[in-house]
Amino acid sequence: MTEKLFNSVGVRLVSDVNELDKLVVDNAFARCEIYLQGAHVAQFIPKGQHDLLWISDDANFIDGKAIRGGIPICWPWFGPSSSGEGYPAHGFVRNRLWQLSSVENDERQYTQIRLTLKSCDQTRALWPFEFVLECLITIGADLTIELTTHNLDNKPMNISEAIHTYFAVSDINQVAVRHLDNCAYIDKLADNAQSLQVGQVNIEKATDRIYIHSDDEQVIIDNKAKRNIKVAKHGAHDTVVWNPWIDIAKGMADFSDLGYQNMLCVEAVNSQINPIVIKPQQSHTIMQTISLTA
Ligand code: TA6
């Protein structure tokens, strides 16, 4: 195992022949692990707390494979590609190696990690645009993921995207999501039928919903753990709530069979229903902040 230290206190780049390269941040507020592949946050543990993020016991940590759990970045499309079969689900940046651009502290002494990904021949083969993608990850009492798309092309680009966060919960049967009341949603498990949410969201079966034009703040109430997680977004029209439940989980090799009991995805999304058009030389940012709340 090799390690590189940074000027910013409590940040190490850990390279292990059996694993992917990851940044380990251990500052005054939290511990966090970030894989360079996918700019993928895999752990966020505020001091004295348990991890806010869930990772599958069967997750792969292999070059070129997406990690099941944590915070995958889905870009430049969310879900299946509109170009048809042969294109990866959720875009192509979650399993590519990003470049580490900077490690700094902000004025609150929160650690800021900046990772970038640029278009290249391999990305052009999947999506014919010139771009720079920047992911700024701020680790403090809360965790913020800020994903900025720079369109360097001479044509407008149309993207959908997600910050696809997997939260750890103690028992899915005792969890509720608040602040989606009265919001319309597309039910992906009911032929994309549209419904209206009434009251809080309880998860009692496989759930895969796109809440359209949702409020910018939800709260996950974890009754068994007696902890609440605030999930705030910015620059994202939609919120996706996903739990595969047992049958779908069993169909995924990297998803532990009973893992569905201890996870819930609440994602900041611009879905294909609400794509973002970025003009040449313009930028767009989507953001999610997660924190414990009373
Ligand atoms: O965000 C929910 C979702 O789009 C589901 O439809 C589900 O299949 C999930 O993401 C996981 O997708 P993945 O490509 O990571 O298996």
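Every number for a ligand or one of its atoms is a count from 1 in the order of the listing. It should be emphasised that the depicted structure is a prediction, and the values quoted were computed from it without experimental measurement.
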Asks: Do Glu130 and Lys118 sit within salt-bridge range, that is, some charged N less than 4.0 Å from a carboxylate O?
Replies: no

Asks: Give the residue and atom name of whichever protein heavy atom lies nearest to atom 8 (O) of ligand 1, and the separation in Å to one decimal.
Replies: Trp242 CZ2, 4.1 Å

Asks: Just go through Arg94, Glu267, Met252 and tell me whose heavy atom is the nearest to atom 15 (O) of ligand 1.
Replies: Arg94

Asks: Between Asp257 and Lys250, does any NZ, NE, NH1 or NH2 come within less than 4.0 Å of an OD or OE carboxylate oxygen?
Replies: no

Asks: May I ask you to say whether Lys47 pairs ionically with Asp26, meaning some side-chain N is under 4.0 Å from a carboxylate O?
Replies: yes

Asks: Hey, which atoms in ligand 1 end up nearer than 4.0 Å to a heavy atom of Lys188?
Replies: 4 (O), 6 (O)

Asks: Should you measure from each heavy atom of Phe78, which atoms of ligand 1 turn up under 4.0 Å away?
Replies: 1 (O), 4 (O)

Asks: Can you confirm if the aromatic rings of Phe255 and Trp54 lie within a centre distance of less than 6.0 Å?
Replies: yes

Asks: Judged on heavy-atom distance to atom 5 (C) of ligand 1, which of Thr207, Thr165, Asp208 sits nearest?
Replies: Asp208

Asks: Could you check Tyr35 against Phe61 for ring-ring contact (aromatic ring centres under 6.0 Å, His included), going step by step and ending with a plain yes or no?
Replies: CA-CA 9 Å; Tyr35 285 87; Phe61 295 92; 5.4 Å; yes

Asks: Nearest protein heavy atom to atom 16 (O) of ligand 1, by residue and atom, and its distance?
Replies: Arg68 NH2, 3.0 Å

Asks: What do you reckon, does His90 have a nitrogen or oxygen under 3.5 Å from a nitrogen or oxygen of ligand 1?
Replies: yes

Asks: Would Arg209 count as a cation-pi partner of Tyr185, with NZ or CZ less than 6.0 Å from the six-membered ring centre and within 45° of the ring normal?
Replies: yes

Asks: Can an N or O of Tyr166 be found at a distance shorter than 3.5 Å from an N or O of ligand 1?
Replies: no

